[in-house]
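Some notes on the structure that comes next.
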Amino acid sequence: MSKLLLRNHAPDPAGRVHHVTPESAGWSCIGFDLYRLEEGMTVSGEDADRETCLVFVAGRGAAMAGDREWAELGDRMSPFEDKRPYAIYLPQGTPWRVRATTALELAVCTAPGLNGGLPVRLIRPEDVGASVRGQGSNTRHVFDILPESQPADSLLVVEVITPAGNWSSYPPHKHDSDDGTAETQLEETYYHRIDPPQGFAFQRVYTDDRSLDEAMAVENGDLVMVPRGYHPVGAAHGYTGYYLNVMAGPRRAWHFNTAPEHRWLLAPV
Ligand SMILES: O=C(O)C[C@@H](O)[C@H](O)C(=O)CO
């Protein structure tokens with residue numbers, strides 16, 4: 001199995017399913033934990049050097065972050081409900097806690113805090129930008145949770161719904177070198193969900209010279225790490241894809257290059 005693919009599995013006693021750190025991934029910036037909590041379970045954290053974005057992927061919870069508290073956040077029981085998520089941005093050194101008030105799928109996205117000083121911020125569904133990208137079988141739906149236009153030190157966070165049979169992160173693009181203009185160097189994680197859950201999608205991660213070239217069959221709840229290279233996704237017929245992307249790198253900007261041989265696909269039809 002590819003080293004870039006982390007399979008879904010039953011949660012550990014703390015409710016944790018995925019645990020990616022810069023050390024485990026062999027990269028510099030991104031940390032990603034995925035919790036599947038039963039009602040009443042609590043998860044907490046604090047990182048002196050890293051900022052955090054908590055994403056309520058599905059379900060509801062009571063949350064505390066620094067000196068802020070919310071009795072209940074979360075407005076969808078599935079990421080396939082066509083509703084934008086709740087999220088919380090926390091600067092480095094902020095303690096947080098979430099108690100599940102229903103079954104709760106919570107993503108904990110982290111990256112280096114640089115300056116700190118930003119306030120804790122609730123990101124409500126109405127704060128999340130929604131857009132449609134692509135055309136025909138490349139149409140997909142994007143929710144910008146923490147785009148570069150919103151304050152953070154390193155993190156970029158986005159959700160994408162890929163309709164059944166469609167492609168996304170496509171035509172293939174990459175963001176793995178920084179020449180100061182055309183492209184930024186960003187690591188990326190893909191947390192995948194599939195509807196209905198017995199379905200699958202495919203993701204390829206590859207470089208121009210093919211020194212990295214992995215094609216992965218992705219199932220519901222799997223996680224893919226993209227250290228570099230192109231990273232397109234194809235959803236199988238009959239199965240809608242969802243993924244949560246976390247990106248981070250030395251410069252907080254999402255500038256990418258589309259693979260030259262596939263740029264013709266960008267022409268309007
Ligand atoms: O446009 C898409 O289909 C989503 C991608 O942009 C995805 O967020 C990504 O690949 C970011 O590099």
Side-chain angles (χ1 to χ4, degrees), residues 4-5 20 25 27-30 32 53 55 57 79-80 82 84-85 87 107 109 111 123 128-150 152 154-178 182-195 201-208 212 214-216 218 222-236 239-259 262-263 265-268:
L4 302 181
L5 177 62
V20 175
W27 57 29
S28 306
C29 293
I30 295 178
F32 183 85
C53 182
V55 180
V57 176
F80 297 102
D82 193 21
R84 306 168 208 203
C109 319
I123 301 169
V128 172
S131 58
V132 180
R133 288 186 195 148
Q135 52 192 344
S137 57
N138 194 201
T139 304
R140 65 271 193 204
H141 305 271
V142 179
F143 288 158
D144 276 309
I145 299 170
L146 199 49
E148 63 191 70
S149 56
Q150 298 299 319
S154 309
L155 280 169
L156 296 163
V157 182
V158 59
E159 288 185 326
V160 177
I161 292 283
T162 311
N166 280 17
W167 287 79
S168 63
S169 296
Y170 189 86
H173 68 259
K174 72 179 186 73
H175 37 70
D176 61 11
S177 67
D178 200 336
E183 198 173 320
T184 42
Q185 194 235 310
L186 298 167
E187 304 155 0
E188 186 165 13
T189 53
Y190 275 72
Y191 171 61
H192 287 274
R193 293 284 311 278
I194 312 279
D195 182 42
F202 290 100
Q203 183 159 26
R204 185 180 181 198
V205 179
Y206 68 104
T207 53
D208 283 315
L212 176 64
E214 307 272 342
M216 289 162 271
V218 173
D222 289 351
L223 185 130
V224 171
M225 295 177 287
V226 182
R228 61 188 185 281
Y230 305 100
H231 39 275
V233 172
Y239 295 103
T240 303
Y242 159 95
Y243 49 79
L244 173 66
N245 287 144
V246 182
M247 290 179 275
R251 188 154 68 95
R252 186 170 179 260
W254 181 50
H255 295 167
F256 59 88
N257 270 317
T258 300
H262 299 304
R263 280 186 196 153
L265 290 161
L266 294 169

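Atoms within each ligand, like the ligands themselves, are counted from 1 in listed order. Excluded from the calculations below are hydrogen atoms, water molecules and symmetry mates; all remaining heavy atoms, backbone and side chain alike, are included.
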Practice prompt. Give, for atom CD of Q185 and atom CZ of R251, the distance between the pair rounded to the nearest 0.5 Å.
Written response: 11.0 Å

Practice prompt. Using atom types as modelled and distance alone, determine if a side-chain donor or acceptor of E187 lies under 3.5 Å from a backbone N or O of S28.
Written response: yes

Fill in: N or O contact, Y190 vs ligand 1, cut-off under 3.5 Å
yes

Worksheet item: Any N/O of R133 closer than 3.5 Å to an N/O of ligand 1?
Response: yes

Item to complete: Give the residue, atom name and distance (to 0.1 Å) of the protein heavy atom nearest atom 5 (C) of ligand 1.
Response: S169 OG, 3.4 Å

Discussion item. Please verify the inter-ring angle class for Y230 with Y206; under 30° counts as parallel, over 60° as perpendicular, anything in between as tilted.
Written reply: tilted

Worksheet item: Which atoms of ligand 1 have any heavy atom of S168 under 4.0 Å away?
Response: 3 (O)

Worksheet item: Between E159, H141, H175, which one has a non-hydrogen atom sitting closest to atom 12 (O) of ligand 1?
Response: H175

Response to the item:
R140 heavy atoms within 4.0 Å reach ligand 1 at atoms 1 (O), 2 (C), 3 (O)

Response to the item:
atom 7 (C) of ligand 1: closest protein heavy atom, distance to 0.1 Å, is N245 OD1, 3.1 Å

Worksheet item: Got the closest protein heavy atom to atom 11 (C) of ligand 1, with its distance?
Response: E188 OE2, 3.1 Å

Item to complete: Examine the proximity of ligand 1 to W167 and report which part, side chain or backbone, both or neither, has a heavy atom under 4.0 Å away.
Response: neither

Worksheet item: Is a side-chain N or O of E188 found less than 3.5 angstrom from the main chain of N245, in a donor-acceptor match?
Response: no

Worksheet item: Taking the inter-plane angle between the rings of Y242 and F80 on a 0 to 90° scale, is it parallel (under 30°), tilted (30 to 60°) or perpendicular (over 60°)?
Response: perpendicular

Response to the item:
Under 4.0 Å from one or more heavy atoms of H173, ligand 1 contributes atoms 5 (C), 6 (O), 9 (C), 10 (O), 11 (C), 12 (O)

Worksheet item: Taking D176 for the side chain and G229 for the main chain, is one N or O donor matched with an acceptor at less than 3.5 Å?
Response: yes

Worksheet item: Heavy-atom contacts under 4.0 Å between F256 and ligand 1: side chain, backbone, both, or neither?
Response: neither

Worksheet item: How does Y230 reach ligand 1, if at all, at less than 4.0 Å between non-hydrogen atoms: by side chain, backbone, both, or neither?
Response: neither

Worksheet item: Can any side-chain N or O of D195 pair as donor or acceptor with the backbone N or O of T240 at less than 3.5 Å?
Response: no

Practice prompt. Side-chain contact test, heavy atoms from C-beta onward, threshold under 4.5 Å: evaluate it for L223 versus M225 and give yes or no.
Written response: yes

Response to the item:
Per-atom filter on ligand 1: closer than 4.0 angstrom to a heavy atom of V158 are 8 (O)

Worksheet item: Is a donor on one side and an acceptor on the other found under 3.5 Å between the side chain of T184 and the backbone of A253?
Response: yes

